[in-house]
Asker: 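Handing you a structure now.
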Amino acid sequence: MIEDKPLTSRMRSDGRAVSLQEYVAAGGYQGLRAALQLSRHQVIEQVAHSNLKGRGGAGFPTAKKWGLIPTDLARQPRYFVVNADEMEPGTMKDRLLMEGDPHQLIEGMIIGSYAVYASVAYLFIRGEYRQSNEVMKQAIAEAYQAGYLGQKILGSDFGLDLHVHTSAGRYMCGEETATLNALEGKRAIPRFKPPHPPVVGVWGKPTAFNNVETICCVPHILREGAHYFRSLSRTEDGGTKIYGASGRVKTPGLWELPMGTSAREIIFEHAGGVPDGCRFRGCLPGGASTAFLLEDHLDAPMDFMSLQAHGSRLGTGTLVVLDDTVCPVGMMLSLEIFFARESCGWCTPCREGLPWIAAMLEALEKGQGRQEDLHILQEHCDLLLLGRTFCALAPGAVDPLRSALKYFHDDFRRHVINRRCPWS
Amino acid sequence: MLTIYIHNEPYRVKAGINLLEACLSLGFNVPYFCWHPAIKSVGACRQCAVKVFKGPEDTRGTLLMSCVVPVADGMRISIDDPEAVHFRARVIEWLMLNHPHDCPVCDEGGECHLQDMTVMTGHVQRRTRFPKRTHVNQDLGPFVAHEMNRCIQCYRCQRFYCDYAGGRDFGVFGWHDGVYFGRAQSGTLQSEFAGNLVEVCPTGVFTDKSLAQHYTRKWDLTTGPSICVHCGLGCNTIPGARYGQLRRVYSRFNSQVNGYFLCDRGRYGYEFVNSDRRILQPRLRQEDGSLAPVAKAQALAFVGQALQRGKAIGIGSPRASLETNFALRKLVGAEHYFQGESAQKSAISEAILDCLQRGPTPTVSLHEVETCDAVLLLGEDVLNTAPMLGLAIRQASRNQPLEEVARLNVPFWLDLVARLITQDQIGPIFIAATGATRLDGLARQIYRAAPDDLARIGLAIAHLVDPTAPEVSRLPDDAFSFAHPVAEVLKAAKRPLIVSGPSLGSVELIHAAANAAWALTRAGKDARLCYAAESCNSLGAAMLGGGDLTAALELLRSGQADTVLIVENDLRRHMPENDFEELLSLARCVIAVDHLEQATTQRAHCVLPAATFAEAEGTLINNEGRAQRFYKVLPPPAAVQESWRWMGELWVASGRGEASPWPNFDAIVAALASEFAIFKDVPALAPPASFRQVGQKIGRQPHRYSGRTAETADQTVFEPPPPEDADSALAFSMEGTPLEPPSALIPRYWAPGWNSLAALNKFQIEVGGPLHDGDPGQRLIAPKPYPQSPYFKDFVSPFARRPQQFLVVPHHHIYGSEPLSAASAPVASLCPKPYIALNGADAAAAGIAGADQEVVLSLAGASLRLSVILDSTLAASLAAVPAGIAPFEGLDLPAWGTIAAAPAGGQRGGGGS
């Protein structure tokens with residue numbers, strides 16, 4: 001039988017992490033053994049053929065990213081960093097992967113490090129994920145003991161040290177380059193790009209930087225082949241995806257489904273639909289920093305390309321669902337308070353613009369909103385674009401707001417005209 | 001050069017710069033905050049957005065931050081594009097959301113970059129109605145005031161203080177719109193360069209605390225071009241005055257010397273001008289022994305008679321201008337003119353001048369220091385003796401790591417990325433010193449030893465670099481293991497620099513540094529040699545020549561002299577107490593010309609009030625032999641005048657002639673130049689007094705000067721004419737053309753729309769580059785290629801310990817060791833108390849229990865009661881004492897002394913026995 005849920009199939013029903021023995025018994029570390037038989041270039045080729053795209057939100061082809069790391073080995077050491085600073089509202093997929101099957105991630109990190117000639121790997125875990133931290137540290141210790149980490153891994157010339165770094169806790173730390181600054185012990189502000197981390201990464205050295213879910217896919221590609229991985233998907237983008245749903249659904253949760261599963265299937269089949277008597281109004285498809293999808297858009301495959309036609313994007317693939325019992329302005333207020341608080345304070349539009357947005361939304365919710373506030377909110381949506389801000393935080397913060405102003409404009413206006421929140 | 005198109009017009013710009021620099025250099029107004037010409041680009045504030053088009057067909061373009069975009073040939077941009085204009089106005093609006101409306105009570109008001117940029121972008125209407133965020137301010141010490149509510153989070157302060165100047169006690173705290181710039185807790189800023197925050201901050205977060213004591217708006221300040229007098233580097237300054245008081249000192253840009261910055265001694269030392277120790281009247285010793293104010297004529301008659309009757313000698317000063325020393329020399333005759341320094345210090349100044357002129361290695365300006373890629377500091381604690389040299393060395397330490405940045409095709413000005421690539425890598429800096437210095441954190445290797453052993457290190461390095469240089473005998477292993485890698489690294493560097501100076505009182509050290517530099521030059525390196533100088537005109541005084549104070553005393557002892565005319569010098573600081581007393585007792589008549597009361601003026605028979613640097617004009621020669629001109633900032637008080645002018649009047653009073661040979665400044669400069677070949681170019685340093693722009697002088701007061709008619713209204717309702725200035729092309733008024741003056745006469749930076757000191761952009765050939773008609777000042781000395789080995793021979797014996805004795809070495813302090821700045825209240829508050837520092841092992845061996853114990857130091861015939869400081873970094877058998885701080889002023893150090901536990905009782909820190 002072909003395993004159609006490679007990422008989650010080994011996970012135990014009691015919630016405890018899969019142990020090293022269990023993992024090995026289920027075919028674990030075979031991907032690593034396969035990789036070590038290949039040249040590093042061949043590993044990257046395999047991953048390229050699998051059409052694996054980054055699961056952190058941007059959907060950048062993983063093999064392409066690894067391929068950007070200079071082939072000349074002059075600048076040493078090289079680093080392999082995995083971002084487990086999962087703090088996107090509505091998103092908890094990486095936590096499931098780490099706490100459920102930690103060796104899958106470790107194996108992926110070893111293979112990835114091998115592919116990019118990295119000798120040191122860091123797992124940058126969100127500080128509040130205490131259990132993930134514990135589980136990963138224990139699994140890493142097991143892996144060292146079993147010879148999967150350290151010098152001469154599985155008898156090869158390849159050696160790797162893997163460190164867990166616990167984040168001091170900021171949404172910003174999940175931004176690629178801010179993570180690297182945080183890892184270095186600096187303020188978690190984003191870095192200027194280019195040069196990108198493959199050229200100038202952590203400690204100024206070439207660095208691969210990937211999401212947990214992305215790296216968890218890698219062992220399966222190496223073990224079962226690129227064709228297998230592609231065949232798991234319903235679209236061009238290879239593999240399965242951990243989709244999730246939270247908010248106004250009957251049974252919130254996470255499901256490993258073929259890449260390209262529609263939002264309708266996720267919400268109405270897997271999450272049980274909105275509570276009885278309620279009307280679906282919209283959803284954020286990939287965490288808080290993606291634009292709303294409406295009922296009309298729900299049949300689009302949830303992959304990296306298809307949602308763009310509807311002005312949104314896959315993001316983390318974890319949906320936040322809104323129904324007619326919740327005020328969309330209130331939902332935006334709660335999100336923008338989060339984003340304003342999590343701005344790193346480096347660039348002006350984000351640092352100053354987001355708190356202003358939050359203040360106006362709060363005024364609207366309190367019935368103190370003014371007509372011009374709607375204009376200024378719209379203006380911020382037009383101004384806080386990537387390139388005008390220093391990084392993607394503020395553009396991500398206004399993506400849902402822009403779509404809310406478009407799709408729920410009457411609700412915003414009613415707050416001004418009625419001088420109160422209609423849901424209050 | 002390449003071509004870019006701005007609004008479809010072609011412009012030639014320098015390759016390798018960024019778009020913001022290009023636009024500003026071309027004279028376009030692009031607003032900016034986080035970018036600074038010296039601390040470069042990080043792209044944080046998003047203020048400098050411009051439209052960049054892909055080609056002539058691209059009509060939409062992309063909004064980019066000009067400070068992070070390199071110029072490219074054929075690039076097409078628009079500054080006036082409506083989208084760019086709108087975005088820039090919105091950025092100001094965001095910055096203004098939390099900025100208080102307190103401009104009227106803000107010390108930055110009127111010269112605020114944020115005000116200028118706000119007006120420039122046209123943001124005039126506040127659209128927010130929400131509460132502003134507030135912060136708690138900190139007490140940052142005597143120099144810098146803190147008002148965080150005004151902060152616009154441009155990060156310049158932290159980038160200057162920590163990244164550029166290496167400060168560790170300052171940073172960014174907090175998050176989102178609550179980011180906070182300051183210290184972990186209130187306390188005096190530890191950096192020697194903290195005062196630059198005042199200039200670096202684009203608004204009123206960091207303001208000048210000394211200015212606040214006697215606050216004046218920029219538009220009410222009378223300003224002029226000046227030179228810092230608090231060390232030998234000759235940093236260019238713009239002091240500002242109002243109501244006869246000096247109010248502040250700001251940096252005056254000179255791309256070759258201090259660039260954009262000043263050290264805190266230079267910035268805050270000025271208050272001595274306002275000191276209540278100022279001498280404002282001629283004083284004459286009365287029958288009852290008191291020193292009483294007298295009329296100028298009476299004083300002149302007295303001194304004239306004394307000079308006529310007696311056998312007079314003149315004692316000049318390393319802190320007086322060339323013109324003043326020259327006038328004194330003419331008045332008393334060359335054979336009766338003395339330099340005003342001890343034999344030791346004179347010898348060092350002469351040795352420095354000799355090494356810079358005689359050897360093959362060129363010296364360096366501060367700017368050139370920044371271009372060196374390997375540095376050996378030999379004995380000089382530059383952050384305390386010549387702080388800006390330390391700042392330049394810190395920049396030099398980045399040059400080797402920056403090579404990697406260039407290899408990765410990252411422009412060096414993209415500071416955010418450059419520092420990521422270089423991380424905490426530091427280029428090769430080596431420090432050989434008697435103890436710890438505040439640059440030690442930069443050092444690849446440190447060697448600590450007695451001055452003689454430091455000199456031997458220099459000589460050993462010279463020999464290791466060039467085997468024809470004399471070998472050093474009996475070099476111990478630890479010395480060799482320092483010298484060898486240093487020699488290797490210096491040889492491998494592109495532009496190695498040897499730094500030394502006078503502060504350890506060792507001519508041998510000066511020679512050793514020269515040997516090392518000359519060896520590198522002979523080995524084919526583009527080496528440089530740099531000496532710090534103690535006083536603002538040490539080298540100028542050495543160039544003028546004249547005997548030292550020992551020779552002067554000898555002349556008095558032999559009876560060949562009985563009258564002493566001392567100009568701008570406190571002899572007590574240059575000779576031990578006994579010699580000082582002997583000189584006073586031998587002299588029948590002592591005349592002192594100076595501006596502050598000090599030991600010599602208190603004992604003189606007649607005192608003539610001299611103008612300070614702020615009330616005089618003159619020429620100073622800095623440590624690299626660069627002649628620089630300073631001008632009056634304010635007219636001297638009624639009875640006060642320049643020392644050289646006093647000399648001219650004494651010329652007449654003593655019957656030497658009917659009139660002063662130097663009726664004005666140009667006359668004395670001409671006389672100086674005609675007599676000394678080395679000074680032949682001094683007249684050309686700046687335009688003469690007759691210079692006019694469109695028939696007008698250059699106004700020291702800005703066009704917005706206010707209250708002119710009211711200033712003296714308490715005395716008379718008639719507005720007096722502005723004081724004449726016959727000595728320069730500058731006027732004490734606001735009259736003048738709006739044209740840009742020649743660079744040597746620029747009294748302030750101000751340009752239409754640019755009220756802050758960022759107006760400087762409009763005075764430069766390119767932003768960050770030289771002033772339009774070149775930076776003022778000229779180096780008067782040049783190296784000489786030597787056909788034969790010029791080396792000084794190995795004459796230094798290894799340091800030999802003496803039982804029960806310590807070699808007492810001077811440790812200099814940025815605040816306290818220089819006397820004029822120490823008379824400035826904010827600086828005085830940071831001066832150390834007298835102490836004696838020993839290393840723990842030595843202290844224990846001498847039976848000293850620990851820190852704070854009272855001991856008696858017997859040194860040069862004096863017994864000094866002092867408190868002990870333990871300093872584990874001090875080399876063995878050394879004791880360090882604070883240089884120039886009572887009771888150590890006037891002592892020639894190093895000198896051997898003994899230490900004993902102090903008997904109970906008695907007074908600390910003073911007194912002979």
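Heavy atoms only: backbone and side chains are in, while hydrogens, waters and symmetry mates are out. Below, chain A is the first sequence line, B the second, and so on; all start at residue 1.
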Asker: Can you see which heavy atom on B:Y155 is nearest to which on A:G345, and at what distance?
Answerer: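 Looking at all heavy atoms of both residues, the shortest contact is OH-O, 2.6 Å.
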Asker: May I ask you to decide if A:G387's main-chain N or O and B:R46's side chain share a donor-acceptor pair within less than 3.5 Å?
Answerer: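 Yes, B:R46 side chain to A:G387 backbone: donor-acceptor pair under 3.5 Å.
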Asker: Between chain A and each of B:D424, B:L95, B:T62, count heavy-atom pairs under 4.5 Å; write down the option with the most.
Answerer: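 Highest number of pairs under 4.5 Å: B:L95.
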Asker: Quick check on A:N181 against chain B: is it the side chain, the backbone, both or neither that has a heavy atom closer than 4.5 Å?
Answerer: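 Looking at A:N181, just its side chain touches chain B.
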Asker: Could you measure the distance from the CD atom of A:E352 to the CZ atom of B:R133? Nearest 0.5 Å is fine.
Answerer: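 A:E352 atom CD to B:R133 atom CZ measures 6.5 Å (nearest 0.5 Å).
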Asker: Which heavy atom of B:C45 sits nearest to which heavy atom of A:T348, and what is that distance?
Answerer: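 Residues B:C45 and A:T348, closest heavy atoms: O-OG1, 2.8 Å.
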Asker: Name the region of B:L64, side chain, backbone, both or neither, that has any atom closer than 4.5 Å to a heavy atom of chain A.
Answerer: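 Neither; nothing under 4.5 Å.
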Asker: Quick one: of A:G353, A:C347, A:P355, A:P349, who has the most non-hydrogen atom pairs under 4.5 Å with chain B?
Answerer: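 Among A:G353, A:C347, A:P355, A:P349, the one with the most close pairs to chain B is A:P349.
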Asker: Determine whether a donor-acceptor pair (N or O, by modelled atom type, separation under 3.5 Å) exists between the side chain of B:R127 and the backbone of A:D373.
Answerer: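 It does not hold such a pair.
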Asker: Enter the distance from A:R75:CZ to B:I421:CD1 here, rounded to the nearest 0.5 Å.
Answerer: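 If we round to the nearest 0.5 Å, A:R75:CZ and B:I421:CD1 are 7.0 Å apart.
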Asker: Please determine, among A:M360, A:E342, A:K205, A:E379, the option with the most heavy-atom pairs under 4.5 Å with chain B.
Answerer: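 Highest number of heavy-atom pairs under 4.5 Å: A:E379.
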Asker: More than 12 foreign heavy atoms under 6.0 Å from CZ of B:R60: is that the case here?
Answerer: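 Open.
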Asker: Of the backbone (N, CA, C, O) and the side chain (C-beta and beyond), which part of B:Q153 lies under 4.5 Å from a heavy atom of chain A, both, or neither?
Answerer: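 It is both, since atoms from each part get that close.
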Asker: State the CG-CH2 distance between B:N98 and A:W356, to the nearest 0.5 angstrom.
Answerer: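 These two atoms lie 11.0 Å from each other.
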Asker: Roughly how far apart are B:L416 CG and A:K193 NZ, rounded to 0.5 Å?
Answerer: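 Between B:L416 CG and A:K193 NZ, I get 12.0 Å after rounding to 0.5 Å.
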Asker: Return the CZ to CD distance between B:F130 and A:Q368, rounded to the nearest 0.5 Å.
Answerer: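 CD of A:Q368 is found 8.5 Å from CZ of B:F130.
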Asker: Does B:R129 have more than 12 heavy atoms from other residues, nucleotides or ligands lying within 6.0 Å of its CZ?
Answerer: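 Atom CZ in B:R129 is packed in, count exceeds 12.
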Asker: Does A:R187 use its side chain to pair, donor to acceptor, with the backbone of B:V172 at less than 3.5 Å?
Answerer: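 Between the backbone of B:V172 and the side chain of A:R187 there is a qualifying donor-acceptor contact (under 3.5 Å).
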Asker: Which of the residues B:G174, B:G178, B:A49 is involved in the greatest number of heavy-atom pairs with chain A at under 4.5 angstrom?
Answerer: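 Top option by heavy-atom pairs under 4.5 Å: B:G174.
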Asker: Examine whether an atom of B:Y180 lies under 4.5 Å from a heavy atom of chain A, and if so say whether it belongs to the side chain, the backbone or both; otherwise answer neither.
Answerer: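 When you check distances to chain A, no heavy atom of B:Y180 falls under 4.5 Å.
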Asker: Sort out for me which residue in A:M172, A:R341, A:R351 forms a side chain to side chain contact (heavy atoms under 4.5 Å, CB included) with B:W175.
Answerer: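 By the side chain to side chain contact (heavy atoms under 4.5 Å, CB included) criterion, B:W175 pairs with just one of A:M172, A:R341, A:R351: A:M172.
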Asker: Could you tell me which residues in residues 84-93 of chain B have at least one non-hydrogen atom under 4.5 Å from a non-hydrogen atom of chain A, sorted by residue number?
Answerer: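 Checking residues 84-93 of chain B against chain A gives B:H86, B:F87, B:R90, B:V91, B:E93.
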Asker: Measure distances from B:E83 to the heavy atoms of chain A and classify the residue's part below 4.5 Å as side chain, backbone, both or neither.
Answerer: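 For B:E83, the contact with chain A is made by the side chain alone.
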Asker: Quick one: which of A:C350, A:A188, A:A363 has the most heavy-atom pairs under 4.5 Å with chain B, could you say?
Answerer: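 It is A:A188.
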Asker: For chain B, which candidate among A:V202, A:V200, A:L383, A:L385 shows the most heavy-atom pairs at distances under 4.5 Å?
Answerer: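 Sorted descending by pairs with chain B, the first entry is A:L383.
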Asker: Pick whichever of A:G204, A:P195, A:S343, A:A340 has the most heavy-atom pairs under 4.5 Å with chain B.
Answerer: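 The candidate making the most pairs under 4.5 Å is A:S343.
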Asker: If you count every heavy atom of other residues, nucleotides or ligands that lies below 6.0 Å from A:Q76 atom CD, does the total exceed 12?
Answerer: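 Result for CD/A:Q76: enclosed.
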Asker: Please identify, among A:K186, A:E372, A:E184, A:E362, the residue contributing the most non-hydrogen atom pairs under 4.5 Å to chain B.
Answerer: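 So the answer, after comparing A:K186, A:E372, A:E184, A:E362, is A:E184.
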Asker: Name the region of A:L393, side chain, backbone, both or neither, that has any atom closer than 4.5 Å to a heavy atom of chain B.
Answerer: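 Contact with chain B involves no heavy atom of A:L393 at all.
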Asker: What part of B:L420 lies closer than 4.5 angstrom to a heavy atom of chain A: side chain, backbone, both or neither?
Answerer: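 Both parts, backbone and side chain.
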